[in-house]
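Proteins come first, then strands; the chains are lettered A, B, ... in the order of their sequence lines, and each starts at number 1. Source: prediction; values computed, not measured.
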2 protein chains.
Amino acid sequence: MSAARGRGRPRDPETDTAILTAALELFVERGVEGTSMEQVAKRAGVGKLTVYRRWNSKEELIAQAVEQWVSAEVTPSAADVYALSPQAIVEHVLPPAAEMAASVGFRALVARIMGCAVSHPELMAIYWKHYILPRRELAAAMLRRAQQDGTVAADADLDVLIDMMAGAVTYRVLQPDPPDATEMLRYLTSVYRQAGLYPPAG
Amino acid sequence: MSAARGRGRPRDPETDTAILTAALELFVERGVEGTSMEQVAKRAGVGKLTVYRRWNSKEELIAQAVEQWVSAEVTPSAADVYALSPQAIVEHVLPPAAEMAASVGFRALVARIMGCAVSHPELMAIYWKHYILPRRELAAAMLRRAQQDGTVAADADLDVLIDMMAGAVTYRVLQPDPPDATEMLRYLTSVYRQAGLYPPAG
DNA sequence: ATTTATTAACGGATCGGGTTCGTAAACATA
DNA sequence: TATGTTTACGAACCCGATCCGTTAATAAAT
């Protein structure tokens, strides 16, 4: 990946980002089937050959565009789980998560990725590996600690419980009439409370 | 809707179903953006005009095809909730639900509908109204009864809890490496148990 | 005979993938 | 600096496929 300083004219790195950005936008707007290399090149302000030189297929390009996007997000450190109080963690994690989940861009991208689950499993796999799994690790750590504290049943199936939490959010986000950030925060709080990660309302 | 016995040659009702079936198949295979009226006509073995005479646009056609499919499924009677024991209900509801959720057709259709949440909200709305809402009613009735029995917390937010249950299943179904029917039944049982609708494992 | 349904064919236009061509930008060597 | 080599780049091009919407001719009913 490093610029090995080849012989001839080096590739313009801004061209890469322009193509990836255009590809991601088009994927979100029109889906895989509705996107073409020609559209990508046009929107990126670039010749088609420039796209073809770097990616052999639409699928590969979109996959990398998605990977770049979902990998850009940072997960709160898993070490914090043991350094802070459970309640502090939750209160630290939830507001940015609500902001994220309520944003139109996130909603649109998640919808498209879910829509590809069967037809383009690679995209789902990328999303799963780079976005979901790190957050599951964090959630698992929180739940294990909550089990020690007794607020989550010791015999609970954590994988299922995590699915319920993450699934509820995804599900809610894709519903008709999706929530705004404020409502989403309330919703997340309710989910965490139901799971046993947050004390009952006072 | 009734055949009002018009003057000229009557429409062939089998043509309608052939078109709707073709449209649904193509939607599942290629999504809205990847489907065209021409493809639908070809797959249905029908002239394009025959399609255009009945539906003005691809979107309307696909919407009706989806509506027909999701409406074909029957919900277990909500009255049963009060006639049977909670455990009997669950044991009656879960196996067919697992079968359904694990089928490839269901998985593919749900993925496509989720994928349209932003770009074609009308499809999501149809799915929501005809498929999700009736099942939510049933789940709500079960949960209310469980609240009376004390297995679900009295102050639980049922809407959120239903989202967690339904969301977990949807989420699980769309994951890479989806479960088969047997695994799905185990999964559903675990979800119901976590929610308080099923007794802990013995 | 009239009305409607249906298929096949057509037309016009766009789009799509993939290539070619002339040019620009970085090297290398002298 | 000067010159040649190598790679990158955008625009134009080619050609087949597709797509939408219409028209014309036929079929099935009243």
- Hey, does the side-chain of B:K48 have a donor or acceptor N/O within less than 3.5 Å of a partner on the base of D:dG21? yes
- Query: How many Å lie between CZ on B:R7 and P on D:dA27, as a whole number?
  - Reply: 21 Å
- Verify the contact: side-chain N or O of A:S36 to OP1 or OP2 of C:dG16, cut-off strictly under 4.0 Å; return yes or no. yes
- Between B:D16 and B:R11, is the closest basic N to carboxylate O distance under 4.0 Å? no
- Query: Taking A:H92 for the side chain and A:A88 for the main chain, is one N or O donor matched with an acceptor at less than 3.5 Å?
  - Reply: no
- Starting from P on C:dT19, measure out to CG on A:N56 and report it in whole angstrom. 11 Å
- Task: For C:dA5, take OP1 and OP2 only and decide whether either is under 4.0 Å from a side-chain N or O of B:T15.
- Result: no
- Message: With a 4.0 Å cutoff (strictly under), does any side-chain N or O of A:T50 reach OP1 or OP2 of D:dG10?
- Response: yes
- Task: Round to the nearest Å and state the distance from B:R30 atom CZ to D:dC19 atom C1'.
- Result: 13 Å
- Query: A:R53 has an atom CZ; how far is it from atom P of C:dG18, in whole Å?
  - Reply: 15 Å
- Task: For B:K42 and C:dA9, give me the distance from atom NZ to atom P, rounded to whole Å.
- Result: 14 Å
- Query: Charged N to carboxylate O below 4.0 Å: is that the case for A:D163 and A:R136?
  - Reply: yes
- Between B:D12 and A:Q39, which has a closest nucleotide on DNA chain C that is more 5'? B:D12
- Using modelled atom types only, decide if a donor and an acceptor are shared between the side chain of A:S71 and the backbone of A:H130 within a distance under 3.5 Å. no
- Message: Using a heavy-atom cut-off of 4.0 Å across all strands, would you classify A:G34 as base, sugar-phosphate, or nothing?
- Response: nothing
- Could you give the CE-to-C1' distance, from A:M37 to D:dG10, as a whole number of Å? 16 Å
- Note on the structure: Closest to the side chain of B:E38, out of C:dT7, D:dC19, C:dA26, is D:dC19
- Within the modelled atom types, does a donor on one side and an acceptor on the other bring the side chain of A:R9 and the base of C:dA24 under 3.5 Å apart? yes
- Message: From CD of A:E14 over to C1' of D:dA8, roughly how many Å is that when rounded to an integer?
- Response: 15 Å
- Residue among B:R30, B:R112, B:E29 satisfying side chain to side chain donor-acceptor pair (under 3.5 Å) with A:S119: B:R112
- Query: The side chain of A:Y52 lies closest to which of these nucleotides: C:dA26, D:dA8, C:dT19?
  - Reply: C:dT19
- Rounded to whole angstrom units, what separation is found between the CG atom of A:D16 and the P atom of D:dT7? 18 Å
